[in-house]
Number of protein chains: 4
Amino acid sequence: MRKKDLTKEVRIQDATAAIILKEGAAAVSTVKVAKRVGISQSNVYLYFKNKDDLLLSVYQREQARIQAAGDLNQLTDKTIALPVRLRLYMRGIFDYAVDHPESLTLIQQIKFLMGQDDGNPLLATVQGTQNIVETLMQEAVDAGVIRNVPVNVHMSLVFSMIHTHTLNLKRGLYQPTDYSFETFYDLLWSGIKGPAAD
Amino acid sequence: MRKKDLTKEVRIQDATAAIILKEGAAAVSTVKVAKRVGISQSNVYLYFKNKDDLLLSVYQREQARIQAAGDLNQLTDKTIALPVRLRLYMRGIFDYAVDHPESLTLIQQIKFLMGQDDGNPLLATVQGTQNIVETLMQEAVDAGVIRNVPVNVHMSLVFSMIHTHTLNLKRGLYQPTDYSFETFYDLLWSGIKGPAAD
Amino acid sequence: MRKKDLTKEVRIQDATAAIILKEGAAAVSTVKVAKRVGISQSNVYLYFKNKDDLLLSVYQREQARIQAAGDLNQLTDKTIALPVRLRLYMRGIFDYAVDHPESLTLIQQIKFLMGQDDGNPLLATVQGTQNIVETLMQEAVDAGVIRNVPVNVHMSLVFSMIHTHTLNLKRGLYQPTDYSFETFYDLLWSGIKGPAAD
Amino acid sequence: MRKKDLTKEVRIQDATAAIILKEGAAAVSTVKVAKRVGISQSNVYLYFKNKDDLLLSVYQREQARIQAAGDLNQLTDKTIALPVRLRLYMRGIFDYAVDHPESLTLIQQIKFLMGQDDGNPLLATVQGTQNIVETLMQEAVDAGVIRNVPVNVHMSLVFSMIHTHTLNLKRGLYQPTDYSFETFYDLLWSGIKGPAAD
DNA sequence: TATGAATGAGTGTTCATTCAT
DNA sequence: AATGAATGAACACTCATTCAT
């Protein structure tokens with residue numbers, strides 16, 4: 001009995017990611033993916049039941065990686081002060097994104113392709129994983145540690161700032177060392193911190 | 001191309017926009033557009049030479065509207081203090097976006113569909129129009145009025161904050177009156193303002 | 001403005017019918033149909049919105065032809081005695097089927113391919129057209145002119161007898177003149193006629 | 001092929017039959033069958049060399065069952081009068097079909113799917129098995145016991161009458177007790193019996 | 001200006017079948 | 001005996017685009 005080729009599943013995901021980064025999520029097709037991996041088109045369906053399933057898996061893999069980079073346990077550790085935890089969260093994403101500058105682009109592309117149906121139950125599931133951060137943020141809002149605006153506004157600020165930075169890096173506009181995490185953190189924290197921040 | 005019946009040109013754009021908002025930019029097709037307008041498919045090509053051309057025109061129209069909402073003359077008026085001009089700019093976008101909550105979604109969808117080729121010459125053209133704001137921001141950075149981070153980081157913060165807000169409104173998460181412009185402006189300004197801000 | 005090529009619609013139907021007769025309804029594919037007509041595959045969708053739509057149209061066309069062959073007005077003419085009307089009905093189908101020995105095969109093949117979903121609303125519509133005959137038969141049952149068995153049993157007897165006969169003819173088992181309508185009518189009528197038949 | 005595990009061979013046939021009854025013979029696929037049985041797709045090919053082989057075996061099994069229900073020995077027993085033997089034949093099928101209302105549908109579906117090629121050598125083989133009945137009928141025709149029409153016309157009358165009845169039962173249109181065998185036998189016999197019947 | 005017709009290339013997906021294990 | 005992997009061919013259907021009218 002031949003082993004389920006785990007390598008291939010990953011290679012398919014990698015090919016998909018590569019296409020997304022090069023041509024956009026809308027340009028992903030099973031033909032292109034298969035051609036890139038060097039397998040037959042129908043083979044894709046051995047590892048993913050759908051194109052949606054494939055895209056979703058790439059999305060989930062990317063989110064899992066980001067979360068693995070940060071230390072989730074710390075984020076829920078109530079013995080750590082909220083501002084510290086928020087900083088840890090941002091630091092985690094930032095470091096990962098700078099190391100993997102395609103990561104956030106990937107996430108955003110897939111989200112914008114699939115999320116439009118508004119109520120796509122699959123993406124909802126994934127979002128659920130992110131609830132840890134959302135919960136953390138909501139806590140911080142309630143405690144007055146960060147400003148009283150909708151939490152997804154806070155989150156989108158973090159995301160778009162870091163994403164834009166990594167895009168700039170990828171385009172070679174400047175060097176990673178030109179702007180430190182502190183620079184961005186400072187900017188953001190000055191903006192979002194609430195009356196009870198310190 | 002692009003002849004007499006201006007009404008129809010607009011109706012085609014409107015239909016395109018509607019499809020983007022409902023199903024995402026990737027779902028736009030000349031068939032759907034034509035059906036929605038009630039014309040024949042080939043008629044679309046009388047007004048737009050391409051599907052890309054069509055999408056681009058919707059993109060440009062939307063950006064033009066936003067800019068028309070703000071007072072561009074003021075933004076370049078050197079007799080007005082930089083912080084004031086920046087506020088005017090944000091206010092302009094904010095007011096327009098709250099009034100037209102689909103606007104930023106439209107822009108983002110098209111950008112993410114077409115912009116991925118990275119070097120799409122058409123979108124580059126459009127970006128040019130936005131140089132007014134970019135120039136303003138760069139000026140502010142140079143003067144130390146806002147922090148020394150890449151200007152597109154500043155801009156993406158403005159964009160994503162307001163966009164997230166309008167999405168929340170459209171989803172009915174809260175009422176427009178629940179969060180004033182001041183709230184968001186305060187947050188953002190606290191974040192981005194530089195040493196020479198006041 | 002080019003005229004909607006009515007010829008082609010018919011040619012597509014004809015090709016479909018030919019395939020059904022040669023290989024069975026399950027073997028119909030848009031590729032085969034198009035190839036047979038000498039057009040591109042996608043062209044089929046200009047004339048029929050579906051493969052189902054195409055099959056259905058062939059089905060309906062065949063039924064319409066059969067009904068046009070018989071004189072429907074007579075069947076509902078209450079001044080004509082029931083036995084006479086029943087005979088007219090059988091005669092109509094018989095003559096048409098002998099002249100067009102593929103007709104009943106066509107109908108049966110499509111019915112067996114599409115009708116399995118049991119509740120296919122499209123076929124139901126078509127069956128509706130046949131209600132005229134069903135009504136006639138029910139009348140005859142109620143009047144004791146034909147035996148008290150479910151009307152569709154009566155109808156299937158007529159159909160299968162004639163169908164088998166035409167199949168035999170097509171296979172060249174014997175000549176049309178070898179068995180007259182009278183022969184079959186006699187057989188059937190002796191079977192189905194009720195106590196109040198004469 | 002066709003090795004040890006007889007249970008599995010049967011289970012595959014059962015699954016096939018179930019699919020035919022639910023979705024029609026054209027919808028049968030080895031994937032679906034395997035899924036239904038809970039085995040791997042390729043396993044099917046251990047028991048049947050073909051999809052055609054599989055379908056054929058289901059067909060043959062069904063015909064064998066029907067024939068086993070009737071007493072074949074009696075049908076060829078020349079000491080029994082022809083009319084009696086014909087009645088026995090009809091009674092056998094009727095009883096079996098009422099008990100197994102899917103039986104005739106199964107046979108018909110497969111016949112219509114495979115038999116269209118007209119000359120399918122496999123089905124021809126099967127028909128051979130039925131020669132016993134055909135011979136009986138031919139004998140009856142020659143003796144003037146039943147009318148002088150092609151024997152397959154006689155046979156199709158029997159088949160379609162009973163089939164329609166069982167379909168009605170399955171659809172719940174009436175109860176099995178509502179129409180006795182006698183009712184149908186009487187109808188049919190009155191129709192087909194020849195000058196030398198009694 | 002407007003349209004219906006036409007097409008070729010493309011889409012995602014399913015399938016029957018084979019083969020190494 | 002049984003399976004997972006693999007594939008090539010087929011499928012229905014959609015699309016952007018062109019062209020004659």
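So that the names make sense, note that chain A is the first sequence line, chain B the second, and so on, each numbered from 1.
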When Watson-Crick pairs (N1 to N3 and N6-O4 or O6-N4) and G-U wobble pairs (N1-O2 and O6-N3) count only below 3.5 Å on both distances, what is the dot-bracket string of DNA chain F, with | for other-strand pairs?
.||||||||||||||||||||

Roughly, in whole Å, what's the span from CG in L54(D) to P in dC15(E)?
14 Å

Using whole Å, what does the distance between atom C1' of nucleotide dT17(E) and atom CG of D52(D) come to?
13 Å

Is the closest side-chain heavy-atom distance between N50(B) and L54(B) below 4.5 Å?
no

Spacing of I12(A) atom CD1 relative to dG12(E) atom C1', expressed in whole Å
15 Å

Want to settle it: does T30(D) or A27(A) sit nearer the 5' end of DNA chain E, counting the closest nucleotide to each?
A27(A)

Which residues satisfy the salt bridge (Lys or Arg N to Asp or Glu O under 4.0 Å) test with K32(B), sequence neighbours excluded?
E23(B)

Output yes when at least one side-chain N/O atom of Y45(C) is less than 4.0 Å from OP1 or OP2 of dC15(F), else no.
no

Residues that S57(C) engages under side chain to side chain donor-acceptor pair (under 3.5 Å), provided they are two or more places apart:
Q13(C)

Can you name the side chain to side chain donor-acceptor pair (under 3.5 Å) partners of Q41(D), sequence neighbours left out?
T30(D)

L46(D) has an atom CG; how far is it from atom P of dT21(E), in whole Å?
17 Å

Take the protein atom CD of E23(C) and the nucleotide atom C1' of dA10(F), then report the distance between them rounded to whole Å.
14 Å

Which heavy atom of I19(A) sits nearest to which heavy atom of A27(A), and what is that distance?
CG2-O, 4.1 Å

For K8(B) and N43(C), find the nucleotide of DNA chain E closest to each by heavy atoms; which residue's nucleotide sits nearer the 5' end?
K8(B)

Pull out every residue in residues 31-42 of chain A that has a heavy atom closer than 4.0 Å to any atom of DNA chain F, ordered by number, or say none.
I39(A), S40(A), S42(A)

Which nucleotide in the set dT13(E), dA2(F), dT17(F) lies at the smallest distance from any side-chain heavy atom of K51(A)?
dT13(E)

Side chain of N43(D), backbone of I39(D): donor and acceptor closer than 3.5 Å?
no

For a quick test of reading the model: is some side-chain N or O of N50(C) closer than 4.0 Å to OP1 or OP2 of dC13(F)?
yes

Is it true that, when you exclude K35(D) itself, more than 12 heavy atoms of the residues, nucleotides or ligands shown sit nearer than 6.0 Å to its NZ?
no

Base, sugar-phosphate, or nothing: which does V28(B) touch, judged by heavy atoms less than 4.0 Å apart?
sugar-phosphate

Y47(A) side chain near dA6(F) phosphate (N/O to OP1/OP2, under 4.0 Å):
yes

Name the nucleic acid region contacted by S29(D), choosing base, sugar-phosphate or nothing; use a 4.0 angstrom heavy-atom cut-off, strictly under.
sugar-phosphate

Residues in side chain to side chain contact (heavy atoms under 4.5 Å, CB included) contact with R65(A), at least two apart in sequence or another chain:
R61(A), E62(A), Y96(A)

From CZ of F48(D) across to C1' of dA16(E) the rounded distance in Å is 16 Å

Rounded distance (Å) that lies between atom C1' of dT14(F) and atom CD1 of I19(B)
14 Å

Can you sort out the partners of S42(D) under side chain to side chain contact (heavy atoms under 4.5 Å, CB included), two or more places apart, ordered by chain and number?
S40(D)

With Q108(B), which residues qualify under side chain to side chain contact (heavy atoms under 4.5 Å, CB included), at least two apart?
Q108(A), F112(A), F112(B), F159(B), H163(B)

Spacing of D53(B) atom CG relative to dT18(F) atom P, expressed in whole Å:
13 Å

